[in-house]
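Here the structure is a predicted model, which is why all the values come from computation and not from measurement. The chains referred to below are lettered A, B, ... by the order of the sequence lines, with proteins before strands, and numbering in each begins at 1.
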There are 2 protein chains.
Amino acid sequence: MAPRSRARRGDGLRLRAEILAAAERLLIDSGDESAVSIRAVAQAVGVTAPSIYLHFADRNELIFAVCEEQFGHLDEAMEHAVVGVSDPWERIERKGRAYVEFGLTNPEQYRVLFTSRADCTPDRFLDERLIATSAFGHLIADIEAAITAGQLRSHDSAMVASGLWMMVHGITSLLISKPDFPWPDRAQLIEHVLHTYSSGLRPDPAGR
Amino acid sequence: MAPRSRARRGDGLRLRAEILAAAERLLIDSGDESAVSIRAVAQAVGVTAPSIYLHFADRNELIFAVCEEQFGHLDEAMEHAVVGVSDPWERIERKGRAYVEFGLTNPEQYRVLFTSRADCTPDRFLDERLIATSAFGHLIADIEAAITAGQLRSHDSAMVASGLWMMVHGITSLLISKPDFPWPDRAQLIEHVLHTYSSGLRPDPAGR
DNA sequence: TGTACATCAGTGAACGCGCGTTCACTGATGTAC
DNA sequence: TGTACATCAGTGAACGCGCGTTCACTGATGTAC
């Protein structure tokens, strides 16, 4: 391998970005968080293992940096799905579909974000803070608008948001972790579940 | 430690059972599948590592034996919840609650069963076979009865069963993997989600 | 009842592996004069 | 413009660890005579 050229002064972010990219690629390709080792990442970047420590305090920080980026991507995907859409209920539905689509398109990233142990999380990465400030917070806003518009049976926005998350998470994570199960047609199944849950959320047509 | 007494002839199943029990305990206590190593299990049982190989071909077989047992327990829990209940719809609802309860009571076992990679599975443990023959198969039967009884809007039993599974899996797995998230009251949340989905499954009261 | 033998559950030592992390270092880049 | 020096990104070797798995073995249990 051609020796990589040394970074210029103040160019430290270049290697950092390369490390992050390599870690993500490794995660995707291997489909296994434990394959994202300091040594494997270093090798993928073409650098020795100790240099990783110039950019990340330890392995945890590296993994969490990868997660942080992915949380950002998820939020972006969901916001992108509702650009120009103003009806609250339609925004909610579109976000649900975007969530599932994001997960199925990026299964390994999804896995790390939502099905790994919460234990080894550094303080600055608490679930509350990270999720509350991005996708989940944005969803709450839409739900409150939908409540105001009389589009929901329940008026408890935190409850509705949590339930919706569980719904789309159930679809996504089960399809990811049981890909060989004899599911019915995948697209129809997703539609069935989303539609069933949506029906239950809407107010009775004839009023209470 | 007192040296364990050697097994009598034909008493080979005793150690096998002890190994399984130790593996399960290790899984629960550590909350981490990777902590269930051959060596750790052997030490917990009070035996040397190579003796594990007298009862399991390799580490995979051991892990899967643990899973197999847990799948059985889940099926038992769900069947137990509907003893003496004949109304199909009520059986379905009770099974859903039993599923969630099983998962929340046995979070680490649940995690291994439903959120780990499907890759490293031996043939005899294919998802299709294992699940189809127990809990999932039993649920299908109830759903078909409910369809016959006119209790469901959809008439596609595989679709309804898959959707229900996703629903209860979403509740269970998200509560397990994000225990620190600022959820609303847990019991209310579970009720809200189950009730919302149930509403969507039932036929319109006024007929189509 | 007593003895020689076969069985086989479990042992102890060793293999090679990849891991996270540390440490003193090197040497190209940039700067001060 | 030229030289001596400081900086600091990245290196190379080493640490101790726990892992899965193998192998030749031991010695208590059971059996045949």
Legend entry - Watson-Crick and G-U pairing of DNA chain D written in dot-bracket, each distance under 3.5 angstrom, with | for inter-strand partners: .||||||||||||||||||||||||||||||||
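Proximity note for A:S51 (side chain, C-beta onward) versus C:dG20, D:dG10, D:dT21: the nearest is D:dG10. When each of D:dT21, C:dT22, D:dG10 is scored by its nearest atom to the side-chain atoms of B:A49, the top-ranked nucleotide is D:dT21.
Taking a cutoff of 4.0 Å between a charged side-chain nitrogen and a carboxylate oxygen, B:R97 and B:E101 do not qualify as a salt bridge.
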What's touching nucleotides 12-19 of chain D from the protein side, N or O pairs under 3.5 Å?
from   : atom 1 : to    : atom 2 : distance (Å)
D:dC19 : OP1    : B:S37 : OG     : 2.7

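B:D58 places its CG atom 14 Å from the C1' atom of D:dT22, with the value rounded to the nearest Å. Atom pair B:I52:CD1 and C:dA9:P shows a separation of 14 Å (rounding to whole Å applied). For the pair B:H55 NE2 and C:dC8 C1', the computed distance is 11 Å after rounding to whole Å. Atoms CG (B:L54) and P (C:dA9) sit 7 Å apart, rounded to a whole Å.
Here A:E69 pairs with nothing under the side-chain hydrogen bond (donor to acceptor under 3.5 Å, both in side chains) rule; sequence neighbours left out. For the side-chain hydrogen bond (donor to acceptor under 3.5 Å, both in side chains) test, no residue two or more places apart in sequence or in another chain qualifies with A:S199. Residues meeting the side-chain hydrogen bond (donor to acceptor under 3.5 Å, both in side chains) test with A:R39, sequence neighbours left out: none. Annotation: side-chain hydrogen bond (donor to acceptor under 3.5 Å, both in side chains) contacts of B:R91 (sequence neighbours excluded): B:D142.
Side-chain N/O atoms of B:H192 and B:Y197 include no donor and acceptor closer than 3.5 Å.
Annotation: B:F64 is not in aromatic contact with B:F56 [ring centroid separation under 6.0 Å not met]. The ring of B:F136 has its center no closer than 6.0 angstrom to the ring center of B:F71.
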